[in-house]
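Just so it is clear: chains get the letters A, B, ... in the order the sequence lines come, proteins before strands, and each one is counted from 1.
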Amino acid sequence: MKTKRPMTITEKILASHAGKKEVFPGDLIEARVDFALGNDITAPLAIQAFQEMGAEKVFNRNRIALIPDHFTPNKDILSAEQCKVLREFAKAQRLAHYFEIGQCGIEHALLPEKGLVLPGEVIIGADSHTCTYGALGAFSTGVGSTDLAAVMATGRLWFKVPESVKFVFYGNLNPWVSGKDLILYTIGQIGVDGALYQAMEFSGEAIRTMPMEDRFTMANMAIEAGGKSGIIEPDRVTLFYIQKKAQRPYRTYYSDPEASYKEIREFDVTQIFPQVSLPHIPSNTKDVREIGKIEIDQVVIGSCTNGRLGDLRVAARILKGKKIAPSLRLIIIPATQEIYHQAMREGLFEIFLSAGAVISPPTCGPCLGGHMGVLAEGERALATTNRNFRGRMGHAQSEVYLASPAVAAASAVKGRICHPDEVMKRGSRGFRGYGK
Amino acid sequence: MENEMKIEGRVWKFGSDIDTDAIIPARYLNLTDGGELAKHVMENERPEFPKEVKPGDILIAERNFGCGSSREHAPLALKSAGIFCIIAESFARIFFRNGFNQGLPLLESQEASKEIQDGDQIQVDLTTGEIFDLTQQKRFFAKPIPPFMQELIEDGGLIPHLRKKGFKKK
């Protein structure tokens with residue numbers, strides 16, 4: 001796109017959706033929204049607001065997804081009632097993308113897998129981790145229920161154009177280091193409001209060598225640094241991932257070389273090792289070898305952050321032929337039905353079950369203390385999820401530690417938080433822990 | 001209280017990075033009624049808060065108030081508990097949008113956030129951003145609320161605002 005002034009990928013996408021040649025950080029714009037989503041927690045309020053507005057029909061029945069993924073399979077009567085609100089609204093509005101359990105999955109793993117969120121688009125979701133789709137080169141951000149209602153009715157929403165901050169990751173990744181470690185490290189460096197209101201653009205050779213799964217993990221946690229969005233310019237990996245899935249035509253955007261950034265931060269990834277975030281804030285990040293002996297009661301591998309096939313494969317590589325510590329519970333949650341099915345075909349369930357894990361159907365479940373692994377007073381969990389706020393997974397006096405699937409699987413074997421090297425033979429260490 | 005732009009009330013003070021799980025834990029997210037949610041607002045942080053908070057009280061926090069999830073149940077619970085407005089050094093962005101969309105005004109002032117103490121009696125004028133601490137006899141000025149946001153507050157939130165404007169369908 002030829003423009004007057006150099007722009008970042010984020011500015012270009014927003015300008016094109018606002019019908020403008022250019023936008024500046026701080027501009028208030030009204031933009032066309034390509035796709036909107038809500039879940040069983042946020043959509044009931046949105047549907048209520050939609051009706052209060054006096055709206056009768058959604059702007060486009062093909063551009064809205066309702067995904068009951070948080071408290072499903074329905075954990076109690078009230079949750080069942082909330083899912084019923086979604087189901088009835090989807091039916092009344094003839095929504096093309098309502099996912100009943102059996103076809104469902106965690107929204108931010110499901111929509112990319114279905115090819116419903118695409119590069120160059122503006123996507124909003126009534127869920128804070130909507131920033132995940134930025135990994136495809138889209139402008140994607142979380143909003144509340146009222147904003148979702150406004151978009152369902154009008155197909156448009158107001159935005160403040162964010163300043164962009166560029167994070168350049170250079171060098172080769174150390175063994176067992178994944179996208180999760182890079183984003184935890186970054187949040188540790190800049191803090192939980194280090195990117196407040198900003199678009200975090202991830203780039204550099206280390207990102208280019210990463211599979212989509214790790215990129216989704218990184219964009220997913222931009223919100224944990226206060227970011228409005230996380231974004232990665234599309235490349236060969238992105239296009240290969242999307243080409244067979246895409247449900248609509250799409251357009252790719254790239255930052256101009258002279259685009260201006262509020263800040264450019266560079267990280268040498270050869271200095272980054274497997275990370276863990278200690279309670280009760282995601283920025284409390286340490287090298288896993290430097291935290292001493294921390295025993296744990298439960299390990300959870302799953303969530304919109306790390307419940308994808310690659311995450312399960314790396315966990316399986318570590319757990320193969322081993323047993324989890326007797327004092328510990330290991331819960332594995334494939335993020336979507338398709339991931340679940342493929343993991344089963346590949347024999348990963350055999351490994352998990354033999355190790356002593358329980359396998360849950362796709363759900364957000366324990367990540368937000370919903371169900372399928374809520375913590376009691378004084379209990380400690382290591383999870384591949386995204387937040388370790390006080391009481392997040394259950395009792396206000398429980399603790400959550402955040403790490404990658406490799407660290408989680410190794411720690412399940414040891415019974416305490418540890419580096420994967422502690423349970424794997426030296427020669428078996430793989431690049432990023434993913435078998436090539 | 002929807003169109004009231006001035007108030008005098010008691011201050012409840014909180015620290016930095018108060019997340020939405022602290023404001024309203026996820027175990028209550030199977031509720032959508034503001035009054036029901038208000039019974040549990042902030043209970044993990046300060047168990048007495050939901051019992052003692054009164055209509056017109058003001059919440060003061062430090063940095064990054066409302067970080068974490070996009071649950072609009074958080075500003076809804078605070079508003080339903082009677083909180084008139086929130087003053088903080090900074091807000092997390094989804095919470096900021098949600099607050100105004102719910103008709104809950106949010107003011108940014110580093111000085112007020114630092115100096116006003118828990119239990120102080122203060123006056124807040126949303127139109128001017130003026131904050132007067134009656135207990136300490138000190139005056140502060142918050143960043144003015146942008147005109148667009150001010151309209152949302154006057155109309156009582158985004159939905160009444162859109163209804164008033166007669167929303168445009170494509």
Distance in Å, [X] [atom1] paired with [Y] [atom2], rounded so as to fall on 0.5 Å steps:
| X | Y | atom1 | atom2 | result |
| --- | --- | --- | --- | --- |
| Ile159(B) | Gln51(A) | CD1 | CD | 11.0 Å |
| Asn101(B) | Ser145(A) | CG | OG | 10.0 Å |
| Ile223(A) | Cys67(B) | CD1 | SG | 8.5 Å |

Heavy-atom distance under 4.5 Å to chain B: side chain of [X], backbone, both or neither?
| X | value |
| --- | --- |
| Gln48(A) | side chain |
| Ile281(A) | side chain |
| Leu196(A) | side chain |
| Asp76(A) | side chain |

Please find the pair of heavy atoms, one from [X] and one from [Y], that lie closest to each other, and give the distance.
| X | Y | answer |
| --- | --- | --- |
| Asn30(B) | Gln82(A) | CA-OE1, 3.3 Å |
| Ser70(B) | Val143(A) | CB-O, 3.2 Å |
| Gly68(B) | Ser128(A) | O-CB, 3.6 Å |
| Phe96(B) | Tyr197(A) | CG-OH, 3.7 Å |
| Asp193(A) | Ser90(B) | OD2-OG, 4.4 Å |

* pair Leu158(B)-Asp147(A): side-chain heavy atoms closer than 4.5 Å -> yes
* To do: Determine whether Leu29(B) and His70(A) make a side-chain contact, defined as any pair of heavy atoms from C-beta on separated by less than 4.5 Å.
  => no
* Asked: Does a salt bridge link Arg387(A) with Asp21(B), judged by any charged N lying under 4.0 Å from a carboxylate O?
  ->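 Salt bridge between Arg387(A) and Asp21(B), a charged N being under 4.0 Å from a carboxylate O: no.
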* Asked: Is the NZ or CZ atom of Arg27(B) positioned over Phe71(A)'s six-membered ring, under 6.0 angstrom from the centre and within 45° of the axis?
  -> no
* To do: Could you check His73(B) against Ile41(A) for side-chain contact (heavy atoms from CB on, under 4.5 Å), going step by step and ending with a plain yes or no?
  => CA-CA 9 Å; His73(B) 309 64; Ile41(A) 304 289; 3.7 Å; yes
* To do: Ignoring hydrogens and angles, state whether a donor on the side chain of Arg93(B) or Thr141(A) is under 3.5 Å from an acceptor on the partner side chain.
  =>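 Yes - a donor-acceptor pair under 3.5 Å links their side chains.
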* **Under 4.5 Å from any heavy atom of chain A - which part of Leu31(B)** =>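 Interface part for Leu31(B): both.
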* **Contacting moiety of Glu43(B), where chain A heavy atoms sit under 4.5 Å** =>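 No part of Glu43(B) comes within 4.5 Å of chain A.
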